[in-house]
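A short worksheet on the structure shown next.
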Amino acid sequence: MRFPLASWSTLCLFIVFGCVGCEDDKPVVETNPFAGTQVTVSFPAGLGLEQNWELALAEWQKRTGAEVVLKPRELDGNQSLIEAYGGNADSADLILFPVTGISDLGDAGWFPVITEQLRKPNHLDWNDLFKGLRDTVGARYGGPATVPISCPVLTCYYREDLLAAANLSPPRTWEEYQKLAETVDDWAGGLPVIEPWSEEFRATMYLARAVSYVKHPDEYTTFFDIRSGEPQIDGPGFQRALKDSLKAVQAMPPEVLTYDTYDCRREFFAGRAAMAITFETGFENPLPVLVPANPRESETITPQPRAADIAIGFVRLPGSTEVFHRSKDVWAPGADDGINYVTLSGFGGMTAAVSARSSELETAAAWNLFKFLTSLEQMATTFPPDTRTVCRTSQMSYPELWLPEDMSAAEGGSYLGEVAGSLDNKAFVAALPVIGREQFRAALTAGLTSCLSHPESAEETLKTVSTRWKEIAEKIGMETLRDSYRRSLGLRPLANLE
């Protein structure tokens, strides 16, 4: 019996993914459902993925009859992501790429909306993703488009034993956080509070603080005006966040200006800090458990033992008691218990999409391969620890996949709970989710670097950054930038309506 293509691919989806309502996470596969189909996979080189996938790919190919072709891509920063991935969407069927490149590839039409059939629980199980990820990082105008594999969020680590001894509580707001930083000598015996303010990470650290002052729940606009594309980086919320950031840095040791998230975690677990902002693993934050992707290639990184007799707690990043309501030009109180909690993510991590040029059958095979590689049975071996973070509700039941051995079970549960709260937050902002992202980030980094050396220039810093952002926007095209931003927010582009 012969099937037309649409019917055949639908049948393949049923054969490979199983029936609606099946509880087993492992795909139900009959023999050779994709016989003769070739699936080409592009992914970042240097992460050890091709070695980790070897056995899993052999099994999947034997069970499905498909052939997999691997195309590792060198991401050296000297070329655009589009160039690094072969110049067009024909270069692969399944594309694994940095989260920061979603707008670059998405605006170029590289990947389509994931169909409703593929989003069902027995397929990609879209609703299993945390709300912030599926509504922001995973979705664009038109609907769901990419499936995150790793998407770290910053978390506040604190010495629970020290706070308890001083009868103090972990911070809920940035004001409470600042008070703890300024009084750390009183409650922590001289141990400092530390944050990742290295040149590579300082724009992210600043934005992570700023979004709670800037993102009002009634407004879409955060970084750029959704109607004009005009940069908003010098607005009142961003200005307040810069002043507060400078106060925080001044209360910390000067070494924080060289610290990345790896340094903050190392110092905290070694017992040399009372409070730190960092996260566990992730594409942008390789830890000593695995170092092939570590940017410090010239260094030998030796895992340091955790300090003995320290009790550790975790809490989501603080929020602000006020948020600037841009359309009304006023400061408004936070809505959630008087606190405006906003999660910043999308500054690092890896996501997956299927090419818009792939046939329906190739699309079905590509997503099935992705599901197989990222299933709970396979993920412990297919993705090294520094390439995956918890992204799904179902993954919370397997803490060993996401946490290192120097955390106790109770600590791991606490950490994952705070991360889940951040990722499930409806107030969720991706960091600069537009084409030209790296140019905007570099301009912000340059302004912050100058301001950290000359704090007295804070008032003018963001005005200078805004001027530079406008120059970048004009080169890109203000309408093009605006519509790139709108697509990232799930809004209709305006260009075709004007």
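Side-chain atoms are counted along with the backbone in the values below, which use heavy atoms only and exclude waters and symmetry mates.
Cation-pi geometry between R134 and W126 is not met: the NZ or CZ atom fails to fall both under 6.0 Å from the ring centre and inside 45° of the normal. Geometrically, R240 does not engage F324 in a cation-pi contact defined by less than 6.0 Å to the ring centre and at most 45° from the axis.
Side-chain contact check for S450 versus T461: every heavy-atom pair is 4.5 Å or farther apart. When side chains are defined from C-beta on, P433 does not count as touching I102, because their heavy atoms never get closer than 4.5 Å. At a threshold of 4.5 Å between non-hydrogen side-chain atoms, the residues L49 and F383 count as touching. Between V256 and V193 there is no side-chain heavy-atom pair separated by less than 4.5 Å. Contact annotation: the side chain of H325 approaches that of D218 to within less than 4.5 Å [non-hydrogen atoms, C-beta and beyond]. For the pair V323 and K215, the minimum side-chain heavy-atom distance is 4.5 Å or more. Here the side chains of I312 and R306 are in contact, with some heavy-atom distance below 4.5 Å. In this structure, E322 and N340 have side chains that are not in contact, with every pair of non-hydrogen atoms separated by 4.5 Å or more.
The aromatic rings of F314 and Y157 lie perpendicular to each other, with more than 60° between the two planes, well past the 30° mark. Taking the six-membered ring where tryptophan is involved, the planes of W331 and Y213 are perpendicular, since the angle between them exceeds 60° and thus also 30°.
Scanning both residues, V342 and S212, for their nearest heavy atoms gives CG2-CA, 3.8 Å. Closest non-hydrogen pair, G412 versus L403, comes out as CA-CD1, 3.2 Å. Nearest heavy-atom pair across A166 and W187 is CB-CB, 3.7 Å. Here the shortest heavy-atom pairing between F347 and T204 reads CG-CG2, 3.5 Å. Closest heavy-atom contact between F223 and A430: CE1-O, 3.3 Å. Nearest heavy-atom pair across G106 and F111 is CA-CZ, 3.4 Å.
Between R265 and D406, at least one side-chain nitrogen of the basic residue sits less than 4.0 Å from a carboxylate oxygen of the acidic one, meeting the salt-bridge criterion. Between D161 and R159, at least one side-chain N (NZ, or NE/NH1/NH2) sits under 4.0 Å from a carboxylate O, which counts as a salt bridge. Salt-bridge formation is not detected for the pair E255/R272: no Lys NZ or Arg NE/NH1/NH2 atom is positioned less than 4.0 Å from an Asp or Glu carboxylate oxygen.
Looking at W53, its side chain does come within 3.5 Å of a backbone N or O of T382 through a donor-acceptor pair. In this structure, E267 contributes its side chain and D263 its backbone to no donor-acceptor pair below 3.5 Å. Distance alone, capped at 3.5 Å, is enough to place a donor-acceptor pair between the N52 side chain and the T381 backbone. The backbone N or O of I435 lies less than 3.5 Å from a partner atom in the side chain of S484, making a donor-acceptor pair. Side-chain atoms of R140 never come within 3.5 Å of backbone atoms of R487 as a donor-acceptor pair (strictly under, hydrogens ignored). One N or O on the side chain of W402 and one on the backbone of Q395 form a donor-acceptor pair closer than 3.5 Å. Between the side chain of T389 and the backbone N or O of C151, at least one donor-acceptor pair lies under 3.5 Å. For the pair T351 (side chain) and V147 (backbone), a donor-acceptor distance under 3.5 Å is present. Of the possible polar contacts, one joining the S345 side chain to the P152 backbone as a donor-acceptor pair under 3.5 Å is found. Under the 3.5 Å distance criterion, the side-chain polar atoms of S245 are matched with a main-chain donor or acceptor of A241.
If you take CD1 on I277 and CZ on F201, they are separated by 9.5 Å, rounding to the nearest 0.5 Å. The CD1 atom of I233 sits 5.0 Å away from atom CG of L444, with the distance rounded to the nearest 0.5 Å. L105 CG to T146 OG1: the interatomic distance, rounded to the nearest 0.5 Å, is 10.0 Å. Distance check, rounded to the nearest 0.5 Å: CZ of R392 to CD1 of I149 gives 10.0 Å. Atoms OG and CD, from S169 and E176 in turn, are 8.0 Å apart once rounded to the nearest 0.5 Å. The distance from atom CD of E59 to atom CD of E54, rounded to the nearest 0.5 Å, is 13.5 Å.
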Could you walk me through whether W469 and F224 pass ring-ring contact (aromatic ring centres under 6.0 Å, His included), step by step?
CA-CA 10 Å; W469 276 25; F224 304 93; 5.4 Å; yes
Could you go step by step and tell me if T449 and E199 meet the side-chain hydrogen bond (donor to acceptor under 3.5 Å, both in side chains) rule?
CA-CA 7 Å; T449 300; E199 185 171 358; 4.8 Å; no
From CA spacing to verdict: side chain to side chain contact (heavy atoms under 4.5 Å, CB included), L317, Y177
CA-CA 9 Å; L317 281 200; Y177 178 91; over 6 Å; no
Any chance you could lay out the side-chain hydrogen bond (donor to acceptor under 3.5 Å, both in side chains) test for T173 and E175, step after step, and finish with the verdict?
CA-CA 5 Å; T173 68; E175 293 88 347; 3.3 Å; yes
Could you walk me through whether E280 and V419 pass the side chain to side chain contact (heavy atoms under 4.5 Å, CB included) check?
CA-CA 10 Å; E280 296 300 312; V419 169; over 6 Å; no
Salt bridge (Lys or Arg N to Asp or Glu O under 4.0 Å) between E438 and R441: does it pass, once the steps are laid out?
CA-CA 5 Å; E438 291 307 312; R441 191 174 74 90; 3.1 Å; yes
Stepwise, does the side chain to side chain contact (heavy atoms under 4.5 Å, CB included) test hold for T387 with M350?
CA-CA 7 Å; T387 64; M350 187 159 52; 4.1 Å; yes
Between T261 and L154, is the side chain to side chain contact (heavy atoms under 4.5 Å, CB included) condition met? List the steps.
CA-CA 9 Å; T261 50; L154 291 167; 4.0 Å; yes
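Annotation: E50, atom CD; neighbour count of heavy atoms from other residues, nucleotides and ligands within 6.0 Å is above 12. Taking a 6.0 Å sphere around CG of D76, one finds it holds more than 12 heavy atoms contributed by other residues, nucleotides or ligands.
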